[in-house]
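Numbering of ligands and ligand atoms starts at 1, following listing order. The first residue of the sequence shown is numbered 1, and numbering continues consecutively from there. The model shown is predicted, which means the values in this text are computed figures rather than measured ones.
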Amino acid sequence: MTTRVVLAYSGGLDTSVAVRWLMENHDAEVVAVAVDVGQEVEAGGWEALRQRALAAGAVEAVVVDARDELAEEFCVPALLANAKYEGKYPLVSALSRPVIVRHLVDQARRHGAGAVAHGCTGKGNDQVRFEVGTRALAPDLDVLAPARVWGLTREESIDYAERWGIPLTVTKEKLYSIDENLWGKAIECGVIEDPWNRPPEDVYTLTRPRAEEPRELVVGFEAGVPVSVDGRSLTPRALIAELNDVVGSYGFGRLDMVENRRVGIKSRETYECPAALALLLAHADLEDLTLERDVHHEKARLEPRWAELVYDGLWFSPLKRSLDAFIAETQRYVTGEVRLRLEPGRCWVVGRRSPISLYDHDLATYDASDTFRHEDAEGFVRLWGLGVATWAARQELARPDDAR
Ligand code: ARG
């Protein structure tokens, strides 16, 4: 019996082959869904990509523009959570998967499909994100993963495509595996699979150094959300795009790391995330100014957990949702502006201000306007150290005989 399958389609070799493979092996009618998350698109644009899906045999090919949704509902929450997996990686691919899943499920409903499919292999995190995400949103749908089943090498895939007349834009030699969206770009495979090899300059596109004159950018935040650059109001998507361009032109935003995938593999990853890393610096700095100490410290403890959940494919999960509620409450006060300075290869914070800053100059200053009650400190410090002082005085008595 023919079943309808909604396939997450990228236009690349694997998902093009997957269209035909699903037809042959699952007697499927394939609806190809390409989601625009801000990735660079081929010369012919989205229409060329649609046509390739149809040429491969899809009954329908749909392109969905999810850029605003990704920026507002995924990148912004990640920023509010100061999210960096293993303290470094701002979750680029992990943020786009749940938005893609949402559209796959939506298209499955529209087209009466019984399954969704993706082109991920069995070795990565993205399969986890697609499948766990789909099960959370639509437990009734099956999930198919052709590339995990077919066991084709890259060359065999190309032969398969040629045999079925699937038009391709690839060569047998592929240098890198790339995944890209508004929040950055992940680059894997090829010579950088050896963690000792320095990534060749040609892996980088978003952070090719072009600018030389130092400059500053003022990023405005309202309740944690970045809303302006140098006083110009921008949507999250436009603001991220602009920062990718400007910050990237200084060659800032590169990461080179070995990370722990959910499936137990350590992998060498290179990333370019100019806007994400600059915004994370600015946002965290504004929190230094506006969050009360205990809230700030507790939030810092929860942030790695948030990043881990999202990395592990648990965007749609009860713990993630509960952490979001906590984070949302903290962000009510994160309003103000941050000055970022850019110099070749560098981006850092050089100033911050807020109408509801908790920095009180008259408490902090050493000059004549000081209002701090110095006499309060003496008793406070004595009580603070009282326990330790009592313990220290007993040390002599507590030491065992042979140690005296
Ligand atoms: N290691 C990163 C992650 O798991 C990047 C994955 C990139 N995906 C890809 N298909 N190249 O989030």
Side-chain angles (χ1 to χ4, degrees), residues 7-18 33-41 49 70 74-75 77-78 81 83-101 104 117-133 143 145-148 152 154 157 170 174-195 199 203-207 253-274 276-277 280 304 306-316 320:
L7 169 68
Y9 186 69
S10 71
L13 173 65
D14 285 345
T15 55
S16 297
V17 166
V33 176
V35 183
D36 181 356
V37 286
Q39 66 272 50
E40 200 190 330
V41 68
L49 186 140
L70 176 72
F74 296 83
C75 301
K84 290 187 188 174
Y85 179 65
E86 296 187 333
K88 297 178 198 153
Y89 165 49
L91 298 174
V92 178
S93 305
L95 296 175
S96 74
R97 279 4 179 215
V99 78
I100 296 171
V101 164
L104 292 178
H118 60 75
C120 307
T121 68
K123 294 175 73 168
N125 296 312
D126 291 325
Q127 57 173 345
V128 178
R129 298 166 187 155
F130 275 118
E131 291 174 41
V132 175
V143 187
R148 209 164 53 195
L152 300 177
R154 185 170 173 81
S157 294
V170 299
K174 186 189 180 186
L175 288 177
Y176 308 111
S177 160
I178 288 171
D179 184 56
E180 186 182 12
N181 63 56
L182 286 169
W183 210 230
K185 185 169 184 177
I187 309 134
E188 303 169 330
C189 302
V191 292
I192 47 180
E193 272 182 357
D194 179 344
V203 309
Y204 301 114
T205 54
L206 308 177
T207 57
R254 296 179 181 182
L255 286 175
D256 178 351
M257 64 188 282
V258 173
E259 81 189 26
N260 290 291
R261 291 190 185 165
R262 178 63 285 190
V263 294
I265 300 170
K266 278 194 192 290
S267 63
R268 196 284 182 86
E269 306 278 342
T270 51
Y271 300 106
E272 299 183 276
C273 326
L277 294 180
L280 285 160
W306 193 99
E308 216 167 76
L309 290 169
V310 172
Y311 184 89
D312 288 348
L314 295 169
W315 179 276
F316 305 106
K320 152 79 169 43

Approximate separation, where rounding is to 0.5 Å, of Leu91 CG and Cys75 SG: 10.0 Å
Partner of Ser267 by side chain to side chain donor-acceptor pair (under 3.5 Å), out of Glu193, Glu188, Lys123, Arg261: Arg261
Neighbouring residues of ligand 1, heavy-atom cut-off under 4.0 Å: Tyr89, Ser93, Arg97, Asn125, Asp126, Arg129, Ser177, Asp179, Ala186, Glu188, Glu259, Glu269, Tyr271, Tyr311
Heavy-atom side-chain proximity of Asp126 to His118 below 4.5 angstrom: no
Plane angle bin for Tyr89 and Tyr311 - parallel if under 30°, tilted between 30 and 60°, otherwise perpendicular: perpendicular
Greater than 12 external heavy atoms within 6.0 Å of Arg262's CZ: no
The single option from Trp183, Phe316, Trp315 passing ring pair (Phe, Tyr, Trp, His ring centres under 6.0 Å) against Phe74: Trp315
